[in-house]
Enquirer: 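Okay, handing you the structure first.
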Amino acid sequence: MATNPSRPPATSPDRVAQQLRERILGGQYPGGTTLRQEELAEEMGVSRMPVREALRQLAAEGLLVLQPHRGAVVAELSIAELEEIYEMRAVLEPLALRLAIPRLGKGQLGEAEDALDEAGREHDGQRLSELNWKFHAALYRPANRPRLLSTIELLHLNADRYMRMILTVVHHREQSDREHRALLEACRRQEVEQASSLLKRHIIEAGQRLVQFLKEKP
């Protein structure tokens, strides 16, 4: 998820949550892994309280499941969950874009284009994921709908576990880049219907590729 330099310094629970989040998204903690508070606290050099708060935060994000007598367990990857995430994205993101386009300025368009240009030179899955969100967030932010954008950001976060599996696959990157650039040009021309249609198709087809990838994964 994108960082905001205007935010105050992260508290200990925030720092712990960010480290654990990255381990989950990066596959270091696969689905079904039990995370133990005392072990994490010792490893990270903090008390158990910030670890406990971090685990609750990640559970609220859908990355962990808190189970009686077992503690925090990394949520399993699920085709059903993936389909639901992309169904929601395909509805909410075109709505945000429709609201944003009349207010899109050169700054946001330039930020989105810079993200695409940097992604074209990048090979690290984590950074590609950050740039993908930076691109989308730049286009949606002028909608000025904080609750809507917060929901979309959370959906991107949950999709990230799946997305990183194919972000570095060449043919997927090439297709995604073409779709992103077509979307950006429609936004530049203030073509609300065209941009919304391109975005919806982009999200639906990305979800379909991911589902197919998961089904073929050994």
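Atoms considered below: every heavy atom in the structure, side chains included; atoms not considered: hydrogens, waters and symmetry mates. For clarity, every value in this text was computed on a predicted model and none was experimentally measured.
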Enquirer: Just verifying a value: how many Å separate Q28 CD and L20 CG, rounded to the nearest 0.5 Å?
Expert: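 The CD atom of Q28 sits 9.5 Å away from the CG atom of L20.
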Enquirer: Determine, step by step, whether Q208 and Q212 satisfy the side-chain hydrogen bond (donor to acceptor under 3.5 Å, both in side chains) criterion, reporting the C-alpha distance in whole Å, the side-chain angles of both residues, the deciding distance to 0.1 Å, and the verdict.
Expert: CA-CA 6 Å; Q208 290 171 344; Q212 189 61 34; over 6 Å; no
Enquirer: Working to the nearest 0.5 Å, report the span between CD1 of I152 and CE of M88.
Expert: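 The CD1 atom of I152 sits 10.0 Å away from the CE atom of M88.
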Enquirer: With a 4.5 Å heavy-atom cut-off, do L25 and S129 have their side chains touching?
Expert: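 The answer is no, as the side chains (C-beta and beyond) never meet within the 4.5 Å cut-off.
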Enquirer: Identify, with sequence neighbours excluded, every residue that meets side-chain hydrogen bond (donor to acceptor under 3.5 Å, both in side chains) alongside E43.
Expert: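 side-chain hydrogen bond (donor to acceptor under 3.5 Å, both in side chains) check on E43 returns R23.
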Enquirer: Are the side chains of N158 and L63 in touch, meaning some heavy atoms are under 4.5 Å apart?
Expert: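 Yes, side chains in contact.
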Enquirer: Does a side-chain heavy-atom distance below 4.5 Å link L82 with E87?
Expert: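 A side-chain contact under 4.5 Å is absent here.
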Enquirer: Quick one: do I79 and L155 end up in the same hydrophobic cluster if we chain Ile, Leu, Val, Met, Phe, Trp and Tyr together by side-chain heavy atoms under 4.5 Å apart?
Expert: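 Yes: a chain of side-chain contacts under 4.5 Å links I79 to L155.
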Enquirer: Not counting sequence neighbours, which residues clear ring-ring contact (aromatic ring centres under 6.0 Å, His included) with Y29? List them please.
Expert: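 Y29: no ring-ring contact (aromatic ring centres under 6.0 Å, His included) contacts found.
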Enquirer: How would you list, by chain and number, every residue that makes a side-chain contact (heavy atoms from CB on, under 4.5 Å) with A138, sequence neighbours excluded?
Expert: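 For A138 the side-chain contact (heavy atoms from CB on, under 4.5 Å) partners, ignoring immediate neighbours, are E111, A112.
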Enquirer: With side-chain contact (heavy atoms from CB on, under 4.5 Å) as the test, would you mind laying out the steps for L139 and L199 before giving the verdict?
Expert: CA-CA 11 Å; L139 297 181; L199 177 59; over 6 Å; no
Enquirer: Are L184 and L131 co-members of a hydrophobic cluster defined by side-chain heavy atoms under 4.5 Å apart?
Expert: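 No, separate clusters.
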Enquirer: Any side-chain donor-acceptor pair under 3.5 Å between Q57 and E53?
Expert: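 E53 and Q57 do not have a side-chain donor-acceptor pair below 3.5 Å.
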Enquirer: Which value, rounded to the nearest 0.5 Å, describes the distance between L157 atom CG and R21 atom CZ?
Expert: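 Between atom CG of L157 and atom CZ of R21 there are 6.0 Å.
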Enquirer: Looking at every heavy atom in both P30 and T33, which two are closest together, and how far apart are they?
Expert: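 Smallest heavy-atom distance, with atoms named: O-OG1, 2.7 Å.
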Enquirer: Rounded to the nearest 0.5 Å, what's the gap from CG on L116 to NZ on K134? Could you check?
Expert: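 Reported to 0.5 Å precision, the distance equals 10.5 Å.
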Enquirer: Got a sec, which residues hit side-chain contact (heavy atoms from CB on, under 4.5 Å) with Q126, two or more places apart in sequence or on another chain?
Expert: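 Applying side-chain contact (heavy atoms from CB on, under 4.5 Å) to Q126 gives E22, D124, E130, R164.
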Enquirer: Which pairs count as side-chain hydrogen bond (donor to acceptor under 3.5 Å, both in side chains) when at least one residue sits in residues 99-108, sequence neighbours excluded?
Expert: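 Every pair satisfying side-chain hydrogen bond (donor to acceptor under 3.5 Å, both in side chains) with a residue in residues 99-108: there are none.
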Enquirer: Looking at residues at least two apart in the chain, or sitting in another chain, which of them share a side-chain hydrogen bond (donor to acceptor under 3.5 Å, both in side chains) with R189?
Expert: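 With sequence neighbours excluded, R189 shows a side-chain hydrogen bond (donor to acceptor under 3.5 Å, both in side chains) to E191, given in chain and number order.
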Enquirer: Quick check on the hydrophobic clustering: are V73 and I24 connected, directly or via other members, by side-chain heavy-atom contacts under 4.5 Å?
Expert: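 No, V73 and I24 fall in different hydrophobic clusters.
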Enquirer: Determine whether E205 and E179 make a side-chain contact, defined as any pair of heavy atoms from C-beta on separated by less than 4.5 Å.
Expert: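 Sidechains of E179 and E205: in contact.
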Enquirer: Counting neighbours of CD on E84 that are heavy atoms of other residues, nucleotides or ligands and sit closer than 6.0 Å, is the number greater than 12?
Expert: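 No.
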Enquirer: Examine the side chains of R173 and S176 and answer whether a donor and an acceptor come within less than 3.5 Å of each other.
Expert: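 The answer is no; no qualifying pair exists.
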Enquirer: When you look at CD of E42, are more than 12 heavy atoms from neighbouring residues, nucleotides or ligands closer to it than 6.0 Å?
Expert: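 No, because the 6.0 Å sphere around CD of E42 holds 12 heavy atoms or fewer from other groups.
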Enquirer: Can you find a heavy atom in the side chain of Y86 that is under 4.5 Å from one in the side chain of I203?
Expert: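 Y86 reaches I203 side chain to side chain.
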Enquirer: Determine whether V74 and L58 make a side-chain contact, defined as any pair of heavy atoms from C-beta on separated by less than 4.5 Å.
Expert: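 SC-SC contact between V74 and L58 ruled out.
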Enquirer: Scan for ring pair (Phe, Tyr, Trp, His ring centres under 6.0 Å) pairs involving residues 179-211, sequence neighbours excluded, and state none if there are none.
Expert: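 Every ring pair (Phe, Tyr, Trp, His ring centres under 6.0 Å) pair that includes a residue of residues 179-211, provided the two are not neighbours, is F135-H180, H136-H180, H136-H202, H180-H202.
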Enquirer: Within the 3.5 Å criterion, strictly below it, is a donor on E81 or Y162 matched to an acceptor on the partner's side chain?
Expert: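 E81 vs Y162: donor-acceptor pair found between side chains.
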Enquirer: Checking R178 now: which residues fulfil side-chain contact (heavy atoms from CB on, under 4.5 Å) with it, not counting sequence neighbours?
Expert: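 For R178 the side-chain contact (heavy atoms from CB on, under 4.5 Å) partners, ignoring immediate neighbours, are E174, Q175.
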Enquirer: Could you pull out all residues at least two apart from Q194 that satisfy side-chain hydrogen bond (donor to acceptor under 3.5 Å, both in side chains)?
Expert: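 Not a single residue meets the side-chain hydrogen bond (donor to acceptor under 3.5 Å, both in side chains) criterion with Q194.
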Enquirer: Name all residues meeting the side-chain contact (heavy atoms from CB on, under 4.5 Å) criterion together with V65; count only those two or more places apart in sequence or in a different chain, and write none if there are none.
Expert: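 For V65, the residues satisfying side-chain contact (heavy atoms from CB on, under 4.5 Å) (neighbours in sequence not counted) are Q67, A75.
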Enquirer: For residues A72 and L55, report the shortest heavy-atom separation together with the two atoms involved.
Expert: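 Where A72 meets L55 most closely, the heavy atoms are CB-CD1, 4.0 Å.
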Enquirer: Give the minimum heavy-atom separation between R141 and L149, together with the two atoms involved.
Expert: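 R141 and L149 have their closest heavy atoms at CA-CD1, 3.7 Å.
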Enquirer: Could you give the side-chain donor-acceptor pairs of residues 90-102 under 3.5 Å, partners two or more places apart or in another chain?
Expert:
residue	atom	partner	partner atom	Å
E93	OE1	R89	NH2	3.4
E93	OE1	Y140	OH	2.5
E93	OE1	H156	NE2	3.4
E93	OE2	R89	NE	2.4
E93	OE2	R89	NH2	3.4
E93	OE2	H156	NE2	3.2
R98	NH1	E193	OE2	2.8
R98	NH2	E193	OE1	2.9

Enquirer: To the nearest 0.5 Å, tell me how far R52 CZ sits from Q37 CD.
Expert: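 So the gap between those two atoms works out to 5.0 Å.
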Enquirer: Are L40 and V46 close enough that some pair of their side-chain heavy atoms sits under 4.5 Å apart?
Expert: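 L40 vs V46: side chains apart.
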Enquirer: Just verifying a value: how many Å separate L214 CG and E83 CD, rounded to the nearest 0.5 Å?
Expert: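 These two atoms lie 9.5 Å from each other.
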Enquirer: Ignoring hydrogens, what is the shortest heavy-atom contact between R188 and L109? Give both atom names and the distance.
Expert: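 Answer, listing the atom of R188 first, then L109: NH1-CB, 3.9 Å.
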Enquirer: If the condition is side-chain hydrogen bond (donor to acceptor under 3.5 Å, both in side chains), which residues does D117 pass it with, not counting sequence neighbours?
Expert: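 Per chain and number, D117 pairs via side-chain hydrogen bond (donor to acceptor under 3.5 Å, both in side chains) with R181.
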